[in-house]
Chemist: 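Let me give you the structure first, and then I'll get to my questions.
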Amino acid sequence: STDAGMEYHDNRVCYRLVGRQLYDSRREHFTAEVIIGSEAYVYDDLANSGLLCRVGNEHHLSVLNEGVTFLLYQRVSAEQV
């Protein structure tokens, strides 16, 4: 099951979305969005002096974006498989 794209569960394990990579074909450029704590940040080495820039809360990453090329999930369940 999914929770707005933020978590993935099966019968034994649970994963939480912690980042995604995006590609802008017009600029031919990759950026990244990551969750730190409960906040979402964007990383673009061509903007903001290459520093992270806050873009909202963690649910920002659950918004669909056609530029997404990679999703990064972290296992949050403790059960051994």
Chemist: When you group the ILVMFWY residues by side-chain heavy-atom contacts below 4.5 Å and let the links chain together, are Leu71 and Tyr15 in the same group?
Modeler: yes
Chemist: Roughly how far, to the nearest 0.5 Å, is OG of Ser25 from CD of Glu66?
Modeler: 7.5 Å
Chemist: Would you say the side chain of Arg16 lies within less than 4.5 Å of the side chain of Ile35, judging by non-hydrogen atoms?
Modeler: yes
Chemist: What is the minimum heavy-atom distance between Arg54 and Asn57, and which atoms define it?
Modeler: NH2-N, 4.3 Å
Chemist: Is the backbone N or O of Leu61 less than 3.5 Å from a side-chain atom of Arg20, with the two atoms forming a donor-acceptor pair by type?
Modeler: yes
Chemist: Are the side chain of Ser77 and the backbone N or O of Val13 linked by a donor-acceptor pair below 3.5 Å?
Modeler: no
Chemist: Any side-chain to backbone donor/acceptor pair from Asp44 onto Leu46? Under 3.5 Å, distance only.
Modeler: yes
Chemist: Would you kindly confirm whether Tyr73 and Leu22 end up in one hydrophobic cluster when ILVMFWY residues are joined by side chain heavy atoms under 4.5 Å apart?
Modeler: yes
Chemist: Determine, using the 4.5 Å side-chain heavy-atom cutoff (strictly less than), whether Phe70 and Val18 are members of one ILVMFWY cluster.
Modeler: yes
Chemist: To check you understand the geometry: which heavy-atom pair defines the closest contact between Leu17 and Leu72, and what is its length?
Modeler: CD1-O, 3.5 Å
Chemist: Would you compute the distance between atom CG of Asp24 and atom CG of Asn65 and round it to the nearest 0.5 angstrom?
Modeler: 9.5 Å
Chemist: So, Thr69 versus Gln21: side-chain donor-acceptor pair below 3.5 Å or not?
Modeler: yes
Chemist: Which atom names give the shortest non-hydrogen contact between Cys53 and Asn48, and what distance separates them?
Modeler: CB-ND2, 3.6 Å
Chemist: How long is the gap from OG1 on Thr31 to CG on Asp45, to the nearest 0.5 Å?
Modeler: 9.5 Å
Chemist: Taking the side chain as C-beta and beyond, is there a heavy-atom pair between Glu58 and Glu39 under 4.5 Å?
Modeler: no
Chemist: Would a 4.5 Å heavy-atom cut-off, applied to side chains only, mark Glu33 and Tyr43 as touching?
Modeler: no
